[in-house]
Structure formats: C-alpha cells, structure tokens
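Per chain, numbering begins at 1; letters A, B, ... match sequence-line order. A quick note: this is a predicted structure, and the numbers were derived from the prediction, not measured.
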Number of protein chains: 2
Amino acid sequence: MPKHEHVSISVIRRLPRYYRFLGDLMKLGFSRISSQELSQRMGLTASQIRQDLNCFGGFGQQGYGYNVDMLHSELGSIMGTNMSYPVIIVGAGNIGRALAMNINFGATGFRLSAIFDNSPSVIGTTISGLTVMDVSELENYCRENRPKVAVLTIPRAAAPSVVSSLVDLGVKGFWNFSHYDFSVKYKEKGIIVENVHLGDSLMTLCYLIKSAGEE
Amino acid sequence: MPKHEHVSISVIRRLPRYYRFLGDLMKLGFSRISSQELSQRMGLTASQIRQDLNCFGGFGQQGYGYNVDMLHSELGSIMGTNMSYPVIIVGAGNIGRALAMNINFGATGFRLSAIFDNSPSVIGTTISGLTVMDVSELENYCRENRPKVAVLTIPRAAAPSVVSSLVDLGVKGFWNFSHYDFSVKYKEKGIIVENVHLGDSLMTLCYLIKSAGEE
DNA sequence: TAGATTGTTAATCGATTAACAATC
DNA sequence: TAGATTGTTAATCGATTAACAATC
C-alpha cells in the first residue's frame, strides 16, 4: 500500500501522541471513539484529528467514529512499531546508560544491539544485558551487523568523526543527544537526524517561565 | 524594556539554537556576522533570521550585520540564561540522575537545588553534590525554598498526585520526562510544561527511517 | 560616496479550522 | 429512517520567504 506522499512533519510528530492516547483508551476499555471526544481529551480540534488520520487512510466510519483497537494498531504499523531495526548506542556515559536502561526500544520499532564507549573503566561492563564494547570495534561491528540507527550520547568534540565513519558504514539515522549540529550535507545524503537538544528544551522553558513572570 | 508581545513559539524554539551558533562563532573568533552568512551555517533563510531577531529588537546595523558578542548576550538575557531559578528533580532513577549530572542548569537560567526520590536505597545518596531527599520532605522543602520548576523523572503512575501537590506548593513549570500528559486545566492555570517525550521522539525517527526505506 | 546589509512591508506558502455533503 | 460522525473541500489563519527602501 503506497502511503500518501509527503505527509508534513507536523502531522508525523503528532502520530506518537495519538498512539499513546489510543493505548490508554484501550486500557480504559473503550472500543470506539469519535474525533470529537478524542479532541477534548487531547486538547486539539476534531477537525485536525480527522485531517491527520486521513493523510494515511480512512480509518473511521460515519456515524460511529473510530475503532480504538484498530486505529491503534494501524498507527503502530504506519510508524513501524512492529519493525526491529538494529540500533547501537555510542557513548555509555550517564545519558547513554540511562537510555539503554529506560527506553523500550522494542516498543518503538527498534532493537538495541550494542553499546560502545572509549573509556577503559566502562568497556566490558554490562548495561541492560549488553557488554559495552570498545569503540575501536565499532567499524568491524557495523560491517557485520549493519545497524540502521545510532544513538549519539558522546561529547560534542567526538561527534564529527564518529558520525562521518558511521555514515560510511551504512548507518541511516541518528538519535542525537550530543551538542553536535549535523551539517546540511548529511541531510542532502538522505541521513535522518532526530535531535534531542536537552539544553535547548530547558532554555525554552526558562524563557517561558521568565515571560510568564513578567506579565 | 517591554518585549514585543506574544512572540510565536516557533520563534522562541529557535532562540537557543541561535544562541549556540553565536557561542560557536565567538569561540571561532568572529566579531561580526551577517544574516546571510549565519543562515548558510544554520541551514535556514536570512530573512527568517532577521524576522526572528526583530521580534525582540533591532540588534543589527545596516551595511555591517550583527555584532556576535552583543547578539549572543542579548539572546542570553532574552531567554533568561542569567537567571537562577531554583529547580528540583523529582525522581532519582537513571534519567533523573543522568540529568542531574549532565545538564548545565546554571548555563540555562536555573540552579539545581534538591533531588527527591521515594526509594530507601537511593535516599541519602549523593548526586552531583546534592543528597537525595525523601519525597515525604517534598512539601516542607517547597514551602521553605519555593522552587520555580520541577523536573519530572518519575513513573507515569506517580505523576498525577505529585504534579497536583507541586502546583499547590507554587511550582510554576515542569520539565516533564514522565509519560504523563498534563491535562488542559494546568495550562489554563498558567502552568508551563515543557515535555520531553523520548519515546515519541524515537517513534518519529522510526517512521522517518521506514519511510526513507520505502521510497 | 558607494556598497552592504539591515528592518520592515508585502507576497507566498502551508497548516489549521470550519463547514457540509456523504454515508454508516 | 433519523442521528451521528466521518472524509473532504473551502476558508482562515499564521508562518515563512521575498523584496526593497532605509541607513550605516
């Protein structure tokens, strides 16, 4: 089934939230939901929900609404939660370890396959069932296991060379927690980068707090 | 100086990135930059940069461009990086600890003042210079120290009651890493929530990887 | 002064919301 | 059938881009 071409990023970023709310509704025992009621629960408009969903297909039924289970599973397969793309974590510091232990990679379409670090005190330790490998093994590992995505939890200074070699080794996407900004050339190559700039997020919060106080 | 009223959230979310790039330029020894050159480095349009900055004031000079140091510090004070709002972390699990150790709260307008947990094995341990306190002390602590913001790194199930009491105790903003979705009523009360839904971010990445592969 | 580059207005583009015919 | 609610088209709104006069 060829999905509608070019769905806007705004729509895509709402999908995981729909998915979460539908999962909740399932747990609450709902079997059907109207765009109207979902919109109230989520704090957006019914119109937007219908528009968003219709980017991917007509999942509802006039006069009835949407079947919760069905819509949930449709959204899941649209996003690829049933996939199992191999992922590596590069950088087993605080953040890397916390992600390894906290993120449910399986539920989001991935499979955590290896963790790398360059510190002798960390290499060889076990995190979430995986033994931390030496970054010097990164190249061999990638040639053999072809990870699709790398989680970048390394210091900024280390990022450029690591990214460059990972791209050469076939990594297609990055979940970027480092303070490194990917240059435009990677986007042109079709490399996908999902940035999680925690510092930016916190500064935004600071601005909003400050502005609220100034009113 | 009364800032221009209601700057859109899209603009606000770009400010930290401008700030970062300007900091880099300072380190590289730049003293001036044109919107044109900055736009190329950042991968956006010069027009957008000028529009964004002019939401807050005319920081440039015709024929010259922008003074890097000056613009950097202006943006800093617009965002409030010079503030020192007290912040508490609620939940000293992997993520809470990693944030305590990794985030430069001081550089983003905050001051980490306390960390709470409910697990006896964690209470009393030291993280980043702070002794983890028992959540039972949360109320007293807030009454005495009036934290402005709380970082939520607790399980979802624990969130509703913690949030409710923190709001009653005067907390104005949340940096929310829990899977809890704040209900609309808090927004109506003027509570500010900056969500960091890591699962959503990873699912978005999955979708993008999947779509790229399907082309 | 001439050249460069801003600040700002106008034009375009895209995303959200509203409306309603189709249909379960 | 009547009522409800979708899918979809049209209208609105806001954000981005383009253009250019102002001015350093």
Side-chain angles (χ1 to χ4, degrees), chain A residues 1 3-18 21-22 25 30-72 74-75 78 184 187 204 207, chain B residues 1-15 17-18 21-22 25 30-72 74-75 78 184 187 204 207:
Chain A
M1 57 181 131
K3 305 285 155 52
H4 284 225
E5 296 300 311
H6 188 66
V7 176
S8 89
I9 190 72
S10 319
V11 175
I12 293 162
R13 289 197 179 281
R14 281 192 291 269
L15 297 182
R17 191 150 176 268
Y18 289 134
F21 271 80
L22 288 162
L25 288 168
F30 281 68
S31 63
R32 64 167 284 272
I33 187 106
S34 66
S35 57
Q36 174 63 35
E37 184 172 357
L38 188 56
S39 76
Q40 282 163 357
R41 289 172 173 267
M42 296 186 65
L44 29 83
T45 66
S47 202
Q48 180 166 63
I49 293 175
R50 295 204 300 277
Q51 286 276 26
D52 284 357
L53 297 178
N54 278 90
C55 291
F56 302 98
F59 303 123
Q61 199 166 85
Q62 283 96 330
Y64 172 84
Y66 299 87
N67 178 292
V68 175
D69 283 35
M70 187 269 241
L71 186 55
H72 182 264
E74 286 284 0
L75 288 176
I78 286 163
V184 188
K187 185 168 264 178
T204 303
Y207 174 91
Chain B
M1 56 180 133
K3 303 285 156 47
H4 285 225
E5 295 300 312
H6 189 67
V7 177
S8 87
I9 190 71
S10 319
V11 174
I12 293 162
R13 290 197 179 280
R14 281 192 291 269
L15 297 181
R17 191 151 176 267
Y18 289 135
F21 271 80
L22 288 162
L25 288 168
F30 281 68
S31 63
R32 63 167 285 274
I33 186 104
S34 65
S35 57
Q36 173 64 34
E37 184 171 357
L38 188 56
S39 74
Q40 282 161 359
R41 288 172 174 268
M42 294 186 66
L44 28 83
T45 67
S47 201
Q48 180 165 64
I49 292 176
R50 295 203 300 278
Q51 286 276 26
D52 284 357
L53 297 179
N54 278 90
C55 290
F56 302 97
F59 303 122
Q61 199 165 85
Q62 283 96 331
Y64 173 84
Y66 299 86
N67 179 292
V68 176
D69 283 35
M70 187 269 241
L71 185 55
H72 182 263
E74 285 283 2
L75 288 178
I78 287 163
V184 187
K187 185 168 264 177
T204 304
Y207 174 91

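Rounded to an integer number of Å, the gap from B:Met70 CE to C:dT6 P is 13 Å. One atom, CG of A:Leu53, and another, C1' of D:dT5, lie 13 Å apart when rounded to the nearest Å. Taking atom CZ on A:Phe56 and atom C1' on D:dG7, their separation rounds to 16 Å, with Å as the unit. At whole-Å resolution of the value, CD in B:Gln62 and P in C:dT6 are 8 Å apart. Between the CG atom of A:Leu38 and the P atom of D:dT5 there is a distance of 13 Å, rounded to whole Å. In this entry the distance linking CD of B:Glu37 with P of C:dT6 reads 11 Å, nearest Å. Rounded to a whole Å, the CG atom of B:Leu44 is 14 Å from the C1' atom of D:dA15. Nucleotide D:dA18 holds its P atom 11 Å from the CD atom of B:Gln36, rounded to whole Å.
The side chain of A:Ser35 places an N or O atom within less than 4.0 Å of a non-bridging phosphate oxygen (OP1 or OP2) of D:dT6. Distances shorter than 4.0 Å separate some side-chain N or O of A:Thr45 from OP1 or OP2 on C:dT17. For the pair B:Tyr66 and C:dG7, the criterion of a side-chain N or O lying under 4.0 Å from OP1 or OP2 is met. Proximity of A:Arg32 to the phosphate of D:dT6: no side-chain N or O atom is located under 4.0 Å from OP1 or OP2. OP1 or OP2 of D:dG7 has not a single side-chain nitrogen or oxygen of A:Tyr64 nearer than 4.0 Å.
DNA chain C is contacted by both B:Gly58 and A:Asp52; B:Gly58 maps to the nucleotide lying nearer its 5′ end (nearest heavy atom per residue). Where B:Gly65 and A:Gln61 meet DNA chain C, the nucleotide closest to each residue was compared, and B:Gly65 sits on the side nearer the 5' end.
With a cut-off of 3.5 Å on both pairing distances, the Watson-Crick or G-U wobble partner of C:dC24 is D:dG3. Using Watson-Crick or G-U wobble geometry with both donor-acceptor distances under 3.5 Å, C:dT12 finds its partner in D:dA15.
Contact annotation: side chain of B:Ser47 to base of D:dA18, donor-acceptor pair present below 3.5 Å. Taking 3.5 Å as the limit, the base of C:dT9 and the side chain of B:Gln51 contain a donor-acceptor pair of atoms between them.
Closest non-hydrogen pair, A:Ser39 versus A:Ala46, comes out as CB-N, 3.4 Å. A pairwise comparison of heavy atoms in B:Phe21 and B:Leu38 identifies CB-CD1, 4.4 Å as the closest pair. Contact detail for A:Ile49 and A:Ser35: the closest heavy-atom pair is CD1-O, 3.8 Å.
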Between B:Val7 and A:Tyr207, is a side-chain contact (heavy atoms from CB on, under 4.5 Å) present by the stated rule, with each step listed? CA-CA 11 Å; B:Val7 177; A:Tyr207 174 91; 4.2 Å; yes
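Side-chain contact check for A:Gln40 versus B:Val184: every heavy-atom pair is 4.5 Å or farther apart. Residues A:Ser34 and A:Tyr66 are not in side-chain contact: their nearest non-hydrogen atoms beyond the backbone lie 4.5 Å or more apart.
Considering only the side chain of A:Gln48, C:dT17 comes nearest among D:dT5, C:dT6, C:dT17. The side chain of A:Arg50 lies closest to D:dT6 when the candidates are D:dT17, D:dT6, C:dA15. Minimum atom distance to the side chain of B:Ser8 is reached by D:dA15, of the listed C:dA15, D:dA15, D:dC20.
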